[in-house]
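Below is one structure; the comments refer to it alone.
Quick caveat, the model's predicted, so the values are computed rather than measured. Each chain gets a letter, A, B and so on, in the order the sequences are listed, and its residues count up from 1.
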Number of protein chains: 2
Amino acid sequence: MPFRDGTGPPWWQGKFRGCGYRLTIPREAILGVLSKTSKHLSAEDVYLAVHKAYPAIGLTTIYRTLDLLVQIGLVFKFDFGDGRARYELSEGPKGASHHHHLVCTGCGRVIDYTDFIDEEVELLNRTEKGLSKKFNFRITNHLIQFYGLCDRCRSKK
Amino acid sequence: MPFRDGTGPPWWQGKFRGCGYRLTIPREAILGVLSKTSKHLSAEDVYLAVHKAYPAIGLTTIYRTLDLLVQIGLVFKFDFGDGRARYELSEGPKGASHHHHLVCTGCGRVIDYTDFIDEEVELLNRTEKGLSKKFNFRITNHLIQFYGLCDRCRSKK
DNA sequence: TTGATAATGGAAACCATTACCAATAGGAGA
DNA sequence: TCTCCTATTGGTAATGGTTTCCATTATCAA
Ligand SMILES: [Mn+2]
Ligand SMILES: [Mn+2]
Ligand SMILES: [Zn+2]
Ligand SMILES: [Zn+2]
């Protein structure tokens, strides 16, 4: 799955080398899966997808690797309220795709939205700056989610 | 714990009657605990606190009641990443205390902040309006959290 | 090649939450 | 007040996502 050929190194190699971690087959396979979808995969989802190409890779490794990727900052971990963690690549090759989430509390559907992102991020940056100063925090990340009922769930009731 | 005396009915009674739910001893006890703290209690925290005054109330009822309170909108449920849900009264008697959270990824400390809240809420309302229209959602709630390292955890590293 | 260390995978353990079910409490109506 | 129906409750057992444990394997520097 990952690029072992002459296509050039995947854009995430630097992140690994820099931190002293090895870029192994399982890690590349997991990153490969995450980079090929825009869905919000659970650990098991990742496991099943990876399993097709590499049946020897175990679920434990999936959890461990996802934790590592979250630590490094390559992956975001979310809780949408369905009892399992969801994972998503934090940025594409070009650093694009920053977005927030709209969650239906009826059916669990999750929608990515990028509208209003600019305004939000601008305010967030200002807020982060203020909070950092006031509470002496080094802020590294933020989470914004909206909850509500989607059209389908609204008509059902 | 709850106000069975002549102090007047607690401000949350209306919410119950309106929805056809009974305001029982366990429910009042749980609301009593939540209304007397500004901490972010887990279900077990609530259980232990309630247990002192009402040893007969079981953990199952705590979970059930917290779910109910979340549904009614009296309580917010949070995930700060420590593997257990945290609960907090959504509003005080005077509807005050709307705030967001600052979470330390090092030690798990959670700080309530109200600074910048006005600006944030104003933008949030605008965003909610836009998202409602675009995705045909009925938005009922939002979540904002900032993550980072607190001063203590920063110096430890 | 060798040795030290990082990484892995399977099985078992963990533990917050839920499901189940029999017992109890409360309120509307007779 | 008495009766019936339903909401509510509490203990126990299960559930299931996630971690822990440990023996094995892969990787890299010397
Ligand atoms: Mn997303
Ligand atoms: Mn709070
Ligand atoms: Zn829905
Ligand atoms: Zn800290």
Side-chain angles (χ1 to χ4, degrees), chain A residues 1-2 4 12-13 15-33 40-72 74-75 77-87 108, chain B residues 2 4 13 15-33 40-72 74-75 77-87 108:
Chain A
M1 263 338 153
R4 286 286 193 205
W12 56 63
Q13 278 200 4
K15 289 265 186 182
F16 271 84
R17 295 293 145 84
C19 301
Y21 294 115
R22 296 176 188 165
L23 193 41
T24 62
I25 302 278
R27 289 172 180 175
E28 276 195 309
I30 291 169
L31 280 166
V33 165
H40 308 99
L41 302 180
S42 67
E44 191 186 6
D45 291 336
V46 174
Y47 170 72
L48 292 174
V50 165
H51 192 77
K52 287 175 189 162
Y54 301 91
I57 295 177
L59 183 55
T60 302
T61 297
I62 304 293
Y63 275 104
R64 253 190 315 237
T65 302
L66 287 172
D67 278 351
L68 178 68
L69 295 176
V70 168
Q71 272 184 15
I72 294 181
L74 279 177
V75 164
K77 180 180 184 177
F78 293 101
D79 168 37
F80 294 134
D82 67 339
R84 58 186 58 192
R86 300 277 168 177
Y87 300 87
Chain B
R4 284 289 193 202
Q13 278 200 4
K15 288 265 187 180
F16 270 83
R17 295 295 146 82
C19 302
Y21 294 115
R22 295 177 190 166
L23 193 41
T24 63
I25 301 277
R27 288 171 182 176
E28 276 195 309
I30 291 169
L31 281 166
V33 166
H40 308 97
L41 302 179
S42 67
E44 191 186 7
D45 293 336
V46 174
Y47 170 73
L48 292 174
V50 164
H51 192 76
K52 288 174 189 163
Y54 301 91
I57 295 177
L59 183 56
T60 303
T61 298
I62 304 293
Y63 276 106
R64 252 189 314 235
T65 302
L66 287 172
D67 277 352
L68 179 68
L69 295 175
V70 169
Q71 272 184 15
I72 294 180
L74 280 178
V75 165
K77 181 179 184 179
F78 292 101
D79 168 38
F80 294 134
D82 66 340
R84 60 187 57 194
R86 300 278 168 176
Y87 301 86

Who passes side-chain hydrogen bond (donor to acceptor under 3.5 Å, both in side chains) against B/T61, sequence neighbours left out?
-> B/R64
Point-to-point distance, once rounded to the nearest 0.5 Å, from CG of A/L41 to CZ of A/R86 | 8.0 Å
Looking only at heavy atoms, the pair that brings B/G58 and B/Y47 closest together is C-CE1, 3.8 Å
Span of DNA chain C, from the first to the last nucleotide whose atoms fall under 4.0 Å of chain A heavy atoms = C/dT5 to C/dA11
For B/L59 and D/dT12, give me the distance from atom CG to atom P, rounded to whole Å.
-> 12 Å
Residue set satisfying salt bridge (charged side-chain N to carboxylate O under 4.0 Å, His left out) with B/R84, at least two apart, ordered chain then number -> B/E44
Under 4.0 Å protein heavy-atom contacts per nucleotide of nucleotides 2-9 of chain D, with B for base, S for backbone only and - for none = -----SSB
Residues of residues 79-86 of chain A with a heavy atom under 4.0 Å from any atom of DNA chain C, listed by number, are none
Contacts of B/L74 that satisfy side chain to side chain contact (heavy atoms under 4.5 Å, CB included) - sequence neighbours left out | B/W11, B/W12, B/K15, B/F16, B/L31, B/L69, B/I72
With sequence neighbours excluded, tell me which residues meet side-chain hydrogen bond (donor to acceptor under 3.5 Å, both in side chains) with B/S42.
-> B/D45
CD of A/E44 versus P of D/dG17: gap in Å, rounded?
-> 6 Å
Supply the atom-to-atom distance A/T65 OG1 to A/E28 CD, rounded to the nearest 0.5 angstrom.
-> 11.5 Å
Students should find that the end-to-end axis angle of the helix from C/dT1-D/dA30 to C/dA30-D/dT1, with five pairs defining each axis and rounding to 10 degrees, is 30°
side-chain hydrogen bond (donor to acceptor under 3.5 Å, both in side chains) with A/D67: which residues, sequence neighbours excluded?
-> none
Sorted by chain and number, sequence neighbours left out, ring pair (Phe, Tyr, Trp, His ring centres under 6.0 Å) with A/F78 holds for A/F80, A/H101
How long is the line joining CG of A/L41 and P of D/dG17, in whole Å?
-> 15 Å
Only counting residues at least two apart or in another chain, list the ones meeting side chain to side chain contact (heavy atoms under 4.5 Å, CB included) with A/A85.
-> A/K77, A/Y87
For D/dT19, does OP1 or OP2 lie under 4.0 Å from any side-chain N or O of A/Y63?
-> no
Considering non-hydrogen atoms only, spot the tightest contact between A/I57 and A/A29 and give its length.
-> CD1-CB, 4.4 Å
